[in-house]
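Fair warning: this is a prediction, and the values are worked out from it, not measured in the lab. Index from 1, following the sequence.
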Amino acid sequence: MPARSLAGRLFAHRAIRRSIALSFELLFVIPAAVLAIALAWRAVDHSRHQLEARMADNAQAVARATEDFLSRHHQSVRLLATNLSDGNWDGRRVQTLLDGHMSAFDGLLSALVADRDGTITSVAVAERIRDRAPEMDALVGRSVADRGYFTAVRASGKSFVSDAFEGRGIGNDWLVAMSAPVEAMDGGVAGIA
């Protein structure tokens, strides 16, 4: 028996209508479906690239905003330390400075002043975390001498900004610690803010 061609096998013993429909499917519908799938794939790929570009732009905007936020708050901590560098560590005055600092910079969760040995002399906490923070009076007198924000300033005499870390003591939020030296009248470090 002679071998039939593919077309011969497809159209053998079929009605003419069915043969025409099958020809139409083979010539137009299947290629159109393949083309539609290819175009859809291209559109999805294009959308994915656009989404990736928008996400990269958004990430850069967030990074710039975070950098500006940290810079502004770091400058505020240095200013606070400068205001304390006159040697007047009167408790009420320091507390007033801290409270004003917390009001002016609402991104801060807490602020403290510690003496040259790392003993906390004054503390202020943001209103939004007061319900989960320990009593402020309980923090006064505690030591922060082992904390990076204290040891870095003591060692270098320069202000400090930490990497992000999980807080301990005043909530468990992810934090960035900032500190600046409070200069003593003799030019040394009297403490940190």
Side-chain angles (χ1 to χ4, degrees), residues 54-193:
R54 272 188 256 139
M55 288 175 62
D57 289 345
N58 288 344
Q60 287 178 347
V62 168
R64 279 191 303 274
T66 301
E67 189 175 303
D68 290 346
F69 177 87
L70 291 174
S71 176
R72 187 173 59 252
H73 284 75
H74 186 214
Q75 289 172 352
S76 76
V77 170
R78 290 194 313 247
L79 179 61
L80 176 64
T82 299
N83 287 333
L84 294 168
S85 291
D86 63 6
N88 183 356
W89 283 54
D90 173 62
R92 276 185 197 258
R93 177 179 175 270
V94 172
Q95 193 62 50
T96 300
L97 282 171
L98 282 178
D99 291 340
H101 186 74
M102 292 299 295
S103 295
F105 296 94
D106 63 351
L108 297 173
L109 292 178
S110 64
L112 66 84
V113 174
D115 66 16
R116 75 177 68 240
D117 299 320
T119 303
I120 297 173
T121 61
S122 298
V123 178
V125 175
E127 184 69 37
R128 67 183 179 279
I129 68 163
R130 284 211 177 123
D131 60 333
R132 59 187 164 116
E135 288 295 318
M136 296 303 94
D137 293 338
L139 295 174
V140 173
R142 285 191 183 174
S143 177
V144 293
D146 65 327
R147 311 275 173 97
Y149 59 83
F150 179 79
T151 58
V153 170
R154 282 288 293 171
S156 69
K158 296 179 181 175
S159 61
F160 170 79
V161 178
S162 75
D163 291 331
F165 65 95
E166 189 174 359
R168 62 178 186 177
I170 302 178
N172 294 333
D173 296 317
W174 281 92
L175 308 170
V176 173
M178 300 176 185
S179 56
V182 176
E183 291 183 22
M185 299 308 272
D186 64 5
V189 176
I192 66 158

Worked verdict on I192 versus V182 for side-chain contact (heavy atoms from CB on, under 4.5 Å): CA-CA 5 Å; I192 66 158; V182 176; 5.6 Å; no
Decide yes or no on side-chain contact (heavy atoms from CB on, under 4.5 Å) for V161 and V176, but give the supporting numbers first. CA-CA 7 Å; V161 178; V176 173; 3.7 Å; yes
Can you list the steps and then say if L108 with H73 is a side-chain contact (heavy atoms from CB on, under 4.5 Å)? CA-CA 8 Å; L108 297 173; H73 284 75; 3.6 Å; yes
side-chain contact (heavy atoms from CB on, under 4.5 Å) between L98 and V123: does it pass, once the steps are laid out? CA-CA 7 Å; L98 282 178; V123 178; 5.5 Å; no
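For G157 against P181, the heavy-atom pair with the smallest separation is O-CG, 3.2 Å. Counting all heavy atoms, side chain and backbone alike, L84 lies closest to R93 at CD2-NH1, 4.0 Å. Taking each heavy atom of D99 and A124 in turn, the nearest pair found is OD1-CB, 3.6 Å. Among all heavy-atom pairs drawn from A152 and F160, the shortest one is CB-CD1, 3.4 Å.
Remark: L97 CG to L80 CG distance equals 6.0 Å, nearest 0.5 Å. The OG1 atom of T121 lies 8.0 Å from the CG atom of L112; values are rounded to the nearest 0.5 Å. From L79, atom CG reaches atom NE2 of H101 across 8.0 Å, with rounding to the nearest 0.5 Å. Remark: T96 OG1 to N83 CG distance equals 12.5 Å, nearest 0.5 Å. If you take CZ on R154 and CZ on R116, they are separated by 6.5 Å, rounding to the nearest 0.5 Å. The CZ atom of F105 lies 12.5 Å from the NE2 atom of H74; values are rounded to the nearest 0.5 Å.
Using modelled atom types, one side-chain atom of S179 and one backbone atom of Y149 make a donor-acceptor pair closer than 3.5 Å. Here the side chain of D115 pairs a donor or acceptor atom with the backbone of D117 at under 3.5 angstrom. In this structure, the side chain of E183 does not engage the main chain of T82 through any donor-acceptor pair within 3.5 Å. Side-chain N or O atoms of S159 include none that pairs as donor or acceptor with a backbone N or O of A180 at under 3.5 Å. Side-chain atoms of S71 do not come within 3.5 Å of backbone N or O of D68 as any donor-acceptor pair. Remark: side-chain polar atoms of T66 are paired, donor with acceptor, to backbone N or O of V62 under 3.5 angstrom.
Residues T151 and D146 form no side-chain contact, since every pair of their non-hydrogen atoms from C-beta on lies 4.5 Å or further apart.
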